[in-house]
Amino acid sequence: MSQAPQNFKPALLVVDVQEDFCPPNGSLAVPNGRDIVPTVNELLSLPFAIKVATRDWHPRDHISFASNHAGPENIAYVSKTIIIHPFDPSRTYETLLWPPHCIQDTPGAQLLSELHRNRIDMIIDKGKDSRLEMYSSFTDPFHEAPFTSDSTSVSTSELPRLLQEKGITHVYIVGLAQDYCVRASAIDSARFGYTTFVVKEGTMAVDPVEGWKEAERSMLEAGVRIVGMEGMEVAW
Ligand code: VGL
Ligand code: ZN
């Protein structure tokens, strides 16, 4: 048993392990997405201080669905659009559009049934505001301060507050997809000051070659550590 660091209170973050992101029936199936479940379940059996799962949880009129945008340029499976901040039109960013996925309360939005859900302490739903995509489990894409709750704030995730209240120091991340929500969550986690790990057997990419590589590059650049299950220990 190795010595746990003095200041070590680890959280497990299981990102979007939902039917729509997995074969055989998911509307936005990540190749081999289901194959991460044994790793995720193994991690769920370890003594993390808190185990949180997120769900992508979109209303039917969500801005990230290509079908909600007029024009032939948006008929393609994945296309690009400009998203404008709901309260500040000078702030915009370009993002991809997707087939409808993870619509609230539909079968596709459910966590995989083979996931050991009884070991998950809390579920946090994200992407609930139809005006905003939300890849990161921490913040909206405009990176607003997560604790503001005035009427112009679009930050809706309870995760930053939860981790702060629990005194978490380290965050271990798995889930789907490596090149979208896992990547955005990991980069935000590091940005928020958590020592952040992505466990590579516990994630799969929409684009397993170029997407995976680019996501690893950007996560490493943000200070995220990419680790394997071998020797994984979270004693504290
Ligand atoms: C995701 C695309 C759209 C993800 C969510 O969970 O990685 N990707 N919405
Ligand atoms: Zn989504």
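In listed order, ligands and their atoms are each counted from 1. Just so we're clear, the structure is a prediction, and the values are computed from it rather than from any experiment. Numbering starts at 1 and runs along the sequence shown.
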A.B. asks: Indicate yes or no: at least one non-hydrogen side-chain atom of L111 is less than 4.5 angstrom from one of V14.
C.D. replies: no
A.B. asks: Before you tell me yes or no, could you show the steps for E216 and K200 under salt bridge (Lys or Arg N to Asp or Glu O under 4.0 Å), namely the whole-Å CA-CA distance, both residues' side-chain angles and the distance that decides it to 0.1 Å?
C.D. replies: CA-CA 10 Å; E216 285 208 328; K200 58 186 167 201; over 6 Å; no
A.B. asks: Apply side chain to side chain donor-acceptor pair (under 3.5 Å) to the pair S64 and E133, showing each step before the final yes or no.
C.D. replies: CA-CA 6 Å; S64 74; E133 179 51 280; 3.3 Å; yes
A.B. asks: List, pair by pair, the atoms of ligand 1 and of the protein that are both N or O and lie under 3.5 Å apart, giving the separation rounded to 0.1 Å.
C.D. replies:
| residue | atom | partner | partner atom | Å |
| --- | --- | --- | --- | --- |
| ligand 1 | 6 (O) | D16 | OD2 | 2.7 |
| ligand 1 | 6 (O) | L176 | O | 3.3 |
| ligand 1 | 7 (O) | A177 | N | 2.9 |
| ligand 1 | 7 (O) | C181 | N | 3.0 |
| ligand 1 | 9 (N) | D56 | OD2 | 3.0 |
| ligand 1 | 9 (N) | H101 | NE2 | 3.0 |

A.B. asks: Indicate the ring-plane relationship of H58 and H62, choosing parallel, tilted or perpendicular according to the 30° and 60° boundaries.
C.D. replies: parallel
A.B. asks: Does any pair with a residue in residues 50-68 pass salt bridge (Lys or Arg N to Asp or Glu O under 4.0 Å), and if so which ones, sequence neighbours excluded?
C.D. replies: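 Residue pairs passing salt bridge (Lys or Arg N to Asp or Glu O under 4.0 Å), neighbours aside: R55-D125, D56-K126.
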A.B. asks: Looking at L115, T54, V174, which one forms a side chain to side chain contact (heavy atoms under 4.5 Å, CB included) with V17?
C.D. replies: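 When side chain to side chain contact (heavy atoms under 4.5 Å, CB included) is applied between V17 and each of L115, T54, V174, only L115 qualifies.
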A.B. asks: Are D121 and F48 side-chain neighbours, meaning at least one heavy-atom pair lies under 4.5 Å?
C.D. replies: no
A.B. asks: Anything protein N/O/S under 2.8 Å from the Zn ion (ligand 2)? Just list residue and atom, please.
C.D. replies: D56 OD2, H58 NE2, H101 NE2
A.B. asks: Please name all residues satisfying side-chain contact (heavy atoms from CB on, under 4.5 Å) with E42, sequence neighbours left out, ordered by chain then number.
C.D. replies: M229
A.B. asks: Using 30° and 60° as the class boundaries, would you call the ring planes of Y194 and F138 parallel, tilted or perpendicular?
C.D. replies: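 Ring orientation of Y194 relative to F138: tilted.
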